[in-house]
Structures are given as C-alpha cells and as structure tokens.
Amino acid sequence: MTGEKRMKYSNRIKPFDEFWMNCILNQMFSVACTYEPSYRYAAYLNSYQYFRWEAATDPLFRYPTIDSMYYLDFLYRNEGRKNHDFSLSKVFGPLVLHHFPDRDSYLHEIRELCKANQIFSLNVDLFYWIPNSMAYQKFHWYHYSLFNGYDEAASTYYVIDDNLDGYMEHAIPEERLIVSYENSECRTNPDYALPPVLKYSVREEIPPYELTLQEVCFHADRLIREIRSFSLEGQWNVELDESRLNDYLTYSVVGINIIANRHKANESLIRSLRELSLIPADTFERLLAQIQEIRSGWDFVKQLFMKASIQRKLDRPQCCKLAESLFAKEVALWETLLRTKH
C-alpha cells in the first residue's frame with residue numbers, strides 16, 4: 001500500500017554452508033554465490049596454506065591451521081600486492097573499512113545500514129553472540145558477523161553466522177547486539193587495526209568463475225613444497241600452562257576443524273574436476289580414495305583433542321605422529337593429481 005511503513009528488511013543472502021573457512025571468507029562466499037553460483041568453484045580452489053597460529057589469549061601457545069591466500073590483501077586494501085589473484089575481486093568492489101562517526105550512536109547507524117540493504121559485517125564478541133556456539137558464555141573470541149536483515153517492529157537483526165548446528169541465519173535481539181558490540185575488540189582494544197564495520201560493494205557485472213586444471217595444479221605443486229617444510233615443532237604444547245589447558249585444547253580443535261573442513265573442500269574440488277571433465281575417471285577414483293582417508297584421519301585427530309578436554313590429558317606425541325602421516329598423505333594426493341597433468 002502507498003505510504004505503508006516498511007518494517008522488515010532483508011538482503012536475501014544465502015549462507016555458504018558447504019564447509020567452514022573463517023568468518024570473513026564464509027561471508028564473502030555467501031554473498032558471491034548468492035549473486036553468481038559458479039563462485040562455489042572458487043571456494044573449492046586449493047589456494048590455501050598451512051600456518052602456525054598464535055592463540056588469541058596466549059601468543060606463546062601455537063597450533064596448526066589453514067588459511068586461504070590473497071584475501072587479506074583485499075581486506076587491507078593493499079592494491080600493490082596480490083588483489084588480482086583473489087578470485088572474489090571480480091565480485092566485490094573495494095571493501096570499505098568503516099568507523100562510526102559518533103562512537104555512541106552506532107545503533108542508529110546499524111539500523112540505517114540495514115534499511116539501506118547495505119551488505120556489511122560487524123565486529124562482535126562471540127561470548128555473547130550466538131547461543132550453542134563454541135565460544136558462547138565460555139570464552140571471549142572476537143569476530144565479524146554478516147548482517148542479512150532487520151525487523152524494525154521486533155528490534156531484531158538477522159545475521160549469517162555459525163554455531164554447533166552449522167552456518168545459517170540467526171535472529172539477534174537488539175539487547176544482545178549491544179552487549180556483543182560493546183565488548184568487541186574494536187571497542188575495547190585501542191590498538192586494534194580493523195574498524196567496527198566492513199562494508200561490501202558488489203560489482204554490477206560479475207563474470208562466471210572458471211575452474212581450470214592449470215590453476216589447481218599450480219597450487220598442488222606449491223602445496224607439496226610447503227607441506228614438506230611445515231613442522232609441528234613448538235605447536236600443541238598444552239603443558240605450557242595447566243590452568244589454560246581447556247583454552248589450549250579449544251584453540252587446537254578450532255584449528256584442526258578448519259583443516260578437516262578444507263579437506264572436505266578438497267573432495268568437492270576433486271569431484272568438480274571430474275564433473276567438468278578435467279580429469280579422467282580412474283584418476284578421480286584414486287584421488288577420491290586418498291582424500292577420504294585424509295578427511296577421516298583429521299576427524300580422528302580432532303576426536304583425540306576433544307577427548308583430552310574430558311580426560312585432562314593429551315598424548316601430544318601420538319597426535320603429532322598422526323598429523324605428520326596425514327601431511328605425507330596430502331603430499332601424495334597432490335602428486336597423484338600432478339601425474340595426471342603430465
């Protein structure tokens with residue numbers, strides 16, 4: 001009806017829930033695949049690296065995990081480096097790192113961003129954010145959450161985020177938004193480098209993404225070299241501080257979970273190569289058997305860490321030995337693929 005006040009707003013973004021990468025990448029691929037579904041192939045691409053990650057609450061504790069390449073250059077707007085290699089640079093225009101003009105009037109601006117259907121994410125503290133998540137009411141973990149809508153009458157916001165049930169849309173009451181933002185790192189840490197809001201702009205014309213065997217093999221060759229030089233020395237040292245054992249085990253599980261999810265993506269990558277007729281059937285069967293063995297191996301390692309949180313004791317040498325064998329199996333996986341190319 002003419003003159004009727006609009007009360008509900010939605011960007012209609014579909015969550016990219018096939019596997020977990022990190023908060024920034026899952027939200028970016030959610031937006032990208034909503035606008036152009038072929039970018040799921042870009043999510044599968046093996047453009048990742050293994051890292052020794054520092055625990056947020058104790059930089060002396062380190063644990064292995066995986067992160068994707070190139071996107072941080074895009075995030076920090078470092079145009080002189082590798083933005084052109086980031087697949088989603090063809091989907092998004094420059095990312096706007098946004099600060100609220102008035103520090104204490106953020107609620108009004110968040111509402112206005114939602115009403116304008118601006119695609120954005122907000123820095124929050126996961127301790128207060130999503131019920132049934134790993135951090136909820138357990139420990140403080142800082143994070144960007146993607147907003148997808150707003151119900152003005154109910155004072156409720158809709159975000160795309162993860163909890164133990166998966167990556168999906170969640171309703172956030174305004175009072176929970178307030179406490180989560182007030183306790184966020186950008187609000188409490190004056191040295192925090194990033195702003196409270198990341199504003200996304202989607203390009204008017206988005207070309208379909210084309211997955212090529214050449215690019216997959218380029219990353220396979222790189223991964224072989226990098227994995228062979230990757231060491232677990234100095235990582236998973238849960239004996240550093242007995243009082244922080246639960247935190248150390250939780251960080252370790254988070255890192256292993258990202259590794260396990262990456263291998264879920266690798267299975268989708270291999271299936272896509274076959275569906276696109278980029279590899280022969282016999283090679284696909286060999287690769288599939290290899291990747292499924294690797295996936296189940298990392299799932300088993302994750303279970304060892306989860307059991308350790310109950311038993312209050314971790315057999316670190318056993319976990320390291322298993323992980324080293326899985327690294328060797330991943331090298332063999334990529335070697336199988338490279339033999340196909342030749």
Is it true that [Y] and [X] share a donor-acceptor pair across their side chains at a distance under 3.5 Å?
X    : Y    : result
H143 : D125 : no
Y106 : E182 : yes
R222 : N46  : no
D151 : T156 : no
N26  : D162 : no
H98  : E109 : yes
R187 : N183 : no
E36  : S38  : yes
Y200 : Q27  : yes

If we check side-chain hydrogen bond (donor to acceptor under 3.5 Å, both in side chains) with Y50, which of these qualifies: E330, R262, E226?
E330
Cluster link [X] to [Y], ILVMFWY, side chain under 4.5 Å:
X    : Y    : value
Y128 : V197 : no
Y35  : F120 : yes
L211 : L223 : yes
M134 : I256 : yes
V159 : L113 : yes

Does N123 reach the main-chain N or O of Y144 with its side chain, forming a donor-acceptor pair under 3.5 Å?
no
Side-chain touch [X]/[Y], heavy atoms, less than 4.5 angstrom:
X    : Y    : value
E335 : V331 : yes
P196 : C186 : yes
Y136 : N163 : no
V31  : F92  : yes
L164 : S133 : no
H263 : Q292 : no
E215 : L45  : yes

On the 0 to 90° scale, with breaks at 30° and 60°, tag the [X]-[Y] ring pair as parallel, tilted or perpendicular.
X    : Y    : answer
Y150 : Y9   : parallel
Y251 : Y63  : parallel
Y48  : W334 : tilted

Given salt bridge (Lys or Arg N to Asp or Glu O under 4.0 Å), test R274 with E267 step by step and report yes or no.
CA-CA 11 Å; R274 179 59 193 150; E267 181 171 333; over 6 Å; no
Grab the two heavy atoms, one from [X] and one from [Y], that are nearest each other, plus how far apart they are.
X    : Y    : result
T34  : S30  : OG1-O, 2.7 Å
P59  : E54  : CB-OE1, 3.5 Å
S145 : V124 : CB-CG2, 4.3 Å
K199 : L95  : O-CD1, 3.3 Å

Which value, rounded to the nearest 0.5 Å, describes the distance between [X] atom [atom1] and [Y] atom [atom2]?
X    : Y    : atom1 : atom2 : result
Q118 : I110 : CD    : CD1   : 12.5 Å
C114 : E152 : SG    : CD    : 10.5 Å
Y142 : S180 : OH    : OG    : 11.5 Å
L314 : C320 : CG    : SG    : 8.5 Å
D191 : E185 : CG    : CD    : 9.5 Å

Can the ring centres of [X] and [Y] be said to be less than 6.0 Å apart?
X    : Y    : answer
F127 : W141 : no
W298 : F327 : yes
F147 : Y158 : no
F305 : W236 : yes
F19  : F16  : yes
Y41  : Y209 : no

Applying salt bridge (Lys or Arg N to Asp or Glu O under 4.0 Å) to K115 and E112, what does each step give before you reach the verdict?
CA-CA 5 Å; K115 292 178 182 180; E112 292 305 307; 3.8 Å; yes
Criterion side-chain hydrogen bond (donor to acceptor under 3.5 Å, both in side chains) on D165 and N132, from CA distance to verdict
CA-CA 8 Å; D165 296 321; N132 197 34; 3.1 Å; yes
So with a 6.0 Å cut-off around CZ of F300, is the heavy-atom count from everything else above 12?
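Counting neighbours around CZ of F300, 12 or fewer heavy atoms of other residues, nucleotides or ligands fall under 6.0 Å, so no.
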Tell me whether the count of non-hydrogen atoms from other residues, nucleotides or ligands lying under 6.0 Å of CE in M168 goes above 12.
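Atom CE in M168 is packed in, count exceeds 12.
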Among pairs that include at least one residue of residues 313-327, which meet side-chain hydrogen bond (donor to acceptor under 3.5 Å, both in side chains), considering only residues two or more places apart or in two chains?
N237-R316
Does [X] come within less than 4.0 Å of [Y], counting only side-chain N to carboxylate O?
X    : Y    : answer
D67  : R52  : no
E293 : K329 : yes
R271 : E275 : no
E18  : R40  : no
E174 : R111 : yes

Before you tell me yes or no, could you show the steps for N148 and N11 under side-chain hydrogen bond (donor to acceptor under 3.5 Å, both in side chains), namely the whole-Å CA-CA distance, both residues' side-chain angles and the distance that decides it to 0.1 Å?
CA-CA 5 Å; N148 199 29; N11 289 329; 4.6 Å; no
With salt bridge (Lys or Arg N to Asp or Glu O under 4.0 Å) as the criterion, how do D221 and R225 come out once you've worked through the C-alpha distance, each side chain's angles and the decisive distance to 0.1 Å?
CA-CA 7 Å; D221 184 63; R225 297 193 306 272; 2.6 Å; yes
Assess whether ring pair (Phe, Tyr, Trp, His ring centres under 6.0 Å) is satisfied between Y167 and W20, documenting all intermediate values.
CA-CA 8 Å; Y167 190 67; W20 178 251; 5.7 Å; yes
